[in-house]
Amino acid sequence: EDQVTQSPEALRLQEGESSSLNCSYTVSGLRGLFWYRQDPGKGPEFLFTLYSAGEEKEKERLKATLTKKESFLHITAPKPEDSATYLCAVSDRPFGAGTRLTVKP
Amino acid sequence: NAGVTQTPKFQVLKTGQSMTLQCAQDMNHEYMSWYRQDPGMGLRLIHYSVGAGITDQGEVPNGYNVSRSTTEDFPLRLLSAAPSQTSVYFCASSYSGVWGHNEQFFGPGTRLTVL
């Protein structure tokens, strides 16, 4: 059964403490893996699309990577404004439940 | 560009009432969709459309109807509201490409409470 699983559910970091969020999937025929950021009370905002294993994309303190079974969203030296829920979606399959990131100053 | 707009932002209904959630986009996107978001359950797809006149069901379509008469608009109708439909509803749109699925642009959401 196609499945998208995100871990951890919640992550608390100190400002400057780098870490990674995981999105694992069991989908045949990957046609794109998408990362979104969602702030409280707002709609998700697109961050990255990855299409093939080995692909990487970067934006400010965020870097997304993709393997054949999972994607990582690496956050380097996070700031409090990076606090949000990060969602993963694979092809036309359901979204993952998200990782709620809190960065403390 | 206004992007994806949704109205209303908040709504309270009584059980059994009907209403329409409005969604519009000005990006000429073919693909539009409706999601509901509940705590701990992520985004669940209700209905989607790949173009004017074409709609299809998502994961959780029961109790909802949609139509797509224009490229810009994709309203979601609740036929007879139930407390289980209390949720935050998001509309999204995207262009259709070779891969058939592209990044989606989301509206700000409608927060619906059914008493």
Side-chain angles (χ1 to χ4, degrees), chain A residues 1-11 21-25 27-53 55 57-59 62 64 66 71 73 84-101, chain B residues 2-10 21 23-25 27 29-50 56-61 74 76 87-112:
Chain A
E1 179 182 332
D2 293 340
Q3 205 165 6
V4 178
T5 304
Q6 290 190 247
S7 62
E9 289 186 14
L11 181 63
L21 282 56
N22 177 263
C23 172
S24 64
Y25 60 92
V27 171
S28 55
L30 179 70
R31 293 181 305 221
L33 184 141
F34 306 86
W35 282 99
Y36 293 83
R37 169 191 171 125
Q38 185 175 22
D39 292 301
K42 297 188 176 181
E45 179 183 347
F46 169 73
L47 291 172
F48 302 110
T49 307
L50 302 166
Y51 286 111
S52 56
E55 190 174 358
K57 290 208 176 157
E58 287 187 67
K59 179 180 180 180
L62 300 177
L66 181 66
S71 176
L73 185 65
T85 296
Y86 290 86
L87 300 168
C88 165
V90 176
S91 298
D92 56 355
R93 299 298 183 268
F95 277 72
T99 294
R100 188 173 66 255
L101 174 66
Chain B
V4 179
T5 58
Q6 292 183 238
T7 56
K9 291 186 177 179
F10 301 94
L21 278 61
C23 174
Q25 53 93 8
M27 296 172 282
H29 286 166
E30 300 96 336
Y31 182 92
M32 295 186 74
S33 55
W34 276 102
Y35 293 87
R36 60 178 289 173
Q37 187 173 41
D38 302 293
M41 300 195 71
L43 288 160
R44 291 185 291 169
L45 182 64
I46 304 171
H47 285 284
Y48 65 96
S49 168
V50 297
D56 206 346
Q57 296 180 350
E59 302 170 69
V60 289
F74 190 43
L76 177 72
S87 187
V88 181
Y89 292 84
F90 289 102
C91 178
S93 73
S94 71
Y95 60 91
S96 294
V98 173
W99 295 98
H101 185 77
N102 296 285
E103 62 268 22
Q104 298 188 73
F105 296 81
F106 285 81
T110 293
R111 284 145 187 81
L112 175 68

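What you see below is based on every heavy atom in this structure, not just the backbone, and it leaves out hydrogens, waters and symmetry mates. We name chains A, B, ... by the order of the sequence lines, and we start the count at 1 in each one.
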How long is the straight-line distance from CD of B:Gln104 back to CZ of A:Phe34, given to the nearest 0.5 Å? 8.0 Å
Whatever's closer than 4.5 Å to a heavy atom in chain A on B:Leu43 counts as both
More than 12 foreign heavy atoms under 6.0 Å from CZ of B:Arg44: is that the case here? yes
Cut-off 4.5 Å, heavy atoms of chain B, and the answer for A:Glu45 is neither
CD/A:Glu9: more than 12 non-hydrogen atoms of other groups inside 6.0 Å: no
For residues B:Phe90 and A:Lys42, report the shortest heavy-atom separation together with the two atoms involved. CZ-O, 3.6 Å
For A:Lys57, look at atom NZ and say whether over 12 heavy atoms of other residues, nucleotides or ligands are found less than 6.0 Å away. yes
Measure distances from B:Gln37 to the heavy atoms of chain A and classify the residue's part below 4.5 Å as side chain, backbone, both or neither. side chain
Drop me the distance from B:Phe106's CZ to A:Tyr36's OH, to the nearest 0.5 angstrom. 5.0 Å
